[in-house]
Amino acid sequence: ITRSAGEQPETRLRLYGGMYNLPKYQSWRWTEEPRTFGGIHAGSLNRLGDLSLAVAADRTVNDGYRRNDYWKRWNGSIRLGYTISPYQSAGLSFSILEQKRGNFLYWRNFEHALEPPEDQLRESVTSVRWNLSGSYRQFVSERFFYSARFSWFRSRWNDNIPSLYDSSGSDSRSGVFTGEVQGNYQVAPGHLFIAGIAASLQNVDADTIFGKHDGHGAAAYLQDEVRLFEALRLTVGGRFDVQSIAGLEALSQFNPKLGLAFSPSDSSSLRFSIGRGFRAPTVAEVFTTSTAGGVAILPNPALKPERSWSVELGGSHSFTGSIQADCSLFRNEFWDLIEPAFGVDGVVHFQNITRALVYGAEATVNLNFLNRLLDHQISYTYLVPKDLTTGDLLKYRPRHLLYLSSQVNLPPVRFGFDVRFISNTERIDDSFVTLGIISGGDQRVPITVADVRVCAGWALGALPMTTAF
């Protein structure tokens, strides 16, 4: 739906399907029936003079590998674009999603790792979400243009998951409206100034889980990007945010940022950035009153906003036309990081961790040989996530992430192989185990996922076709 329409109409049809194999361990085989997944996508791009139209529809169904982890989904979208003049353009888009899914929160026990507890087998969630958005852009002169955009998002869901507060389940209706106006002024060659304002309105109506609440926010921002020398570019800016939920104190913060980019040659570049961040707690984090898998969750109106400073230093280099590398060091420090945790009252609240630090390094290498006959990518991330208040590691965060991808291009056939590795999660919330909520909840292993794919292009008469496995 995001692709632009060309001069010729274009229609695409995609069908896919597959089947899950049986679990490796006999005790995990909760069914001998085949579990399948599949879907169909249809899309069309058309242009009539200055008007462009994109329409798409999807139907996807997945039985799920785990019991009661199925989903069925309809999705549709439409996008209109209109070129008013050589200097003006406007767009309008609408999308909608309807879904019904099962609810798999955690396993029954280690011997039945692909099944939820017995009392959760018939739990399900039904939801409908839609979004309407529009945009307008006008070039006033060769140096100045402005743009305006809005978005209206609505969501409704209901479930049959009983809680201590409503045995029949929960439902929620919510909406968010956002708007933004931005101006861009070319001060001189290599010097761009950007300024804008943004605003948002939110409402939530969910008596049994969040309550009824309204909120609003506003922001103003400036950014100045200037080329100091041929090889050095400086970016400075700042954003002031205000967020408020009815009945609670308004929250605000000014967030400056600074960036430097140095390119001594066409094949090498260095970058540095530092900036301050701010995230106000959501209605769900402040007001949730529910149970999930037998765990009670209660509100925390005293929840503070997250505040952070982020620093990154990185560089990239093209050794030859066939080998490129990029690496970076990063450090993100948080104050009042928001995390769910058991309180002294024995139930879960969203709480503030006084200070937290996440730092590490990331490296990516791209290799392509024989005129892109062979394409390879290697990406590795190392993280150290620390709770500076307790000295422990942050929960549920792996230390190592590795991604390998290779592709052999022999037109009209392509062969591919991908591997993803996530190291063992070193720390979890042990309360789920010590309180007997999740049987065997301390069992965890590294994750390795391997994918093999084959894709071939062919023609059915004048109709281009693609088959992939």
Side-chain angles (χ1 to χ4, degrees), residues 105 200 202 204 210 213 215 217 219 238-245 248-258 273-290 292 295-313 328-362 381-401 422-435 437-438 441 444:
L105 188 59
S200 64
Q202 308 97 32
V204 175
F210 305 132
H213 302 279
R239 178 183 173 109
F240 182 76
D241 284 275
V242 178
Q243 296 288 330
S244 176
I245 299 175
L248 299 180
E249 182 182 358
L251 306 170
S252 63
Q253 180 172 289
F254 176 71
N255 303 300
K257 70 174 185 178
L258 181 146
S273 64
I274 182 170
R276 191 183 188 194
F278 166 83
R279 188 181 76 84
T282 65
V283 168
E285 291 170 333
V286 175
F287 294 108
T288 293
T289 303
S290 183
V295 180
I297 307 171
L298 292 180
N300 182 7
L303 201 60
K304 301 175 183 178
E306 289 183 355
R307 306 178 191 273
S308 64
W309 277 98
S310 300
V311 182
E312 181 187 12
L313 176 64
S328 63
L329 303 173
F330 56 86
R331 176 189 171 94
N332 303 313
E333 189 163 359
F334 300 89
W335 287 261
D336 297 319
L337 181 68
I338 298 174
E339 296 258 289
F342 283 89
V344 295
D345 53 2
V347 301
V348 171
H349 305 265
F350 285 91
Q351 301 179 26
N352 292 110
I353 296 175
T354 305
R355 285 185 66 189
L357 176 65
V358 179
Y359 65 90
E362 185 173 29
T381 302
Y382 174 74
L383 291 174
V384 180
K386 298 187 68 174
D387 183 334
L388 297 180
T389 305
T390 63
D392 294 326
L393 292 177
L394 293 173
K395 305 169 194 171
Y396 306 110
R397 288 168 173 86
R399 193 183 290 263
H400 304 276
L401 298 95
I422 303 175
S423 65
N424 188 24
T425 301
E426 298 181 39
R427 184 167 179 253
I428 63 171
D429 193 330
D430 294 321
S431 298
F432 286 105
V433 180
T434 57
L435 296 177
I437 298 170
I438 302 179
R444 51 193 186 272

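- Under the rule for a side-chain hydrogen bond (donor to acceptor under 3.5 Å, both in side chains), the partners of E362 that lie at least two apart in sequence or sit in another chain are T381.
- Distance check: Y396 OH to T425 OG1 gives 9.0 Å after rounding to the nearest 0.5 Å.
- Contacts of S273 classified as side chain to side chain contact (heavy atoms under 4.5 Å, CB included), with partners at least two apart in sequence or in another chain: E312.
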**Message:** Test side-chain hydrogen bond (donor to acceptor under 3.5 Å, both in side chains) on Q253 and N255; report intermediate values, then the result.
**Reply:** CA-CA 6 Å; Q253 180 172 289; N255 303 300; 2.5 Å; yes
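- Residue pairs meeting the salt bridge (charged side-chain N to carboxylate O under 4.0 Å, His left out) criterion with at least one partner in residues 273-282, sequence neighbours excluded, are R279-E285, R279-E306.
- When all heavy atoms of P340 and V348 are compared, the closest pair comes out as CB-CG1, 4.2 Å.
- Contact record, P305 with A280: CB-CA, 4.0 Å, taken as the closest heavy-atom pair.
- Considering CZ of R239 and CZ of F278, their distance stands at 10.5 Å, rounded to 0.5 Å.
- Taking the ring-ring contact (aromatic ring centres under 6.0 Å, His included) definition, one finds that F350 meets it with nothing, sequence neighbours left out.
- Put simply, CZ on F342 and CG on D429 are 6.0 Å apart, with the number rounded to the nearest 0.5 Å.
- Checked against ring-ring contact (aromatic ring centres under 6.0 Å, His included), F330 has no partners two or more places apart in sequence or in another chain.
- Applying the salt bridge (charged side-chain N to carboxylate O under 4.0 Å, His left out) rule to pairs touching residues 385-394 yields D392-R427, sequence neighbours excluded.
- In this view, F287 and H213 satisfy the ring-ring contact (aromatic ring centres under 6.0 Å, His included) rule, not counting sequence neighbours.
- For E339, the side-chain hydrogen bond (donor to acceptor under 3.5 Å, both in side chains) partners two or more places apart in sequence, or in a different chain, are R397.
- In terms of heavy-atom proximity, V286 sits nearest to P281 at CG2-CB, 3.8 Å.
- Legend: residues meeting side-chain hydrogen bond (donor to acceptor under 3.5 Å, both in side chains) with K257, ordered by chain and number and at least two apart, are Q223.
- Taken from CG in N300 to CD1 in I338, the straight-line distance is 9.0 Å, to the nearest 0.5 Å.
- In terms of the ring-ring contact (aromatic ring centres under 6.0 Å, His included) criterion, residue partners of Y382 (sequence neighbours excluded) are, by chain and number, H400.
- Between the CG atom of D336 and the CZ atom of R307 there is a distance of 7.5 Å, given to the nearest 0.5 Å.
- Across all non-hydrogen atoms, the minimal contact from A219 to D241 is CB-OD1, 3.4 Å.
- Remark: the backbone N or O of R399 is paired with a side-chain donor or acceptor of S423 at under 3.5 angstrom.
- Interatomic distance, CD1 of I245 versus OG1 of T282, reported as 7.0 Å (0.5 Å rounding).
- Residues L329 and A361 approach most closely at CD2-CB, 3.6 Å, considering heavy atoms.
- Under the side-chain hydrogen bond (donor to acceptor under 3.5 Å, both in side chains) criterion, S308 pairs with no residue, sequence neighbours left out.
- Shortest non-hydrogen contact noted between G441 and I428 is O-CD1, 3.3 Å.
- Shown here are the side chain to side chain contact (heavy atoms under 4.5 Å, CB included) partners of V347, two or more places apart in sequence or in another chain: A296, L298, D345, H349.
- With a 4.5 Å cut-off on side-chain heavy atoms, N352 and L303 count as touching.
- Between I353 and T390, the closest side-chain pair of non-hydrogen atoms is not below 4.5 Å.
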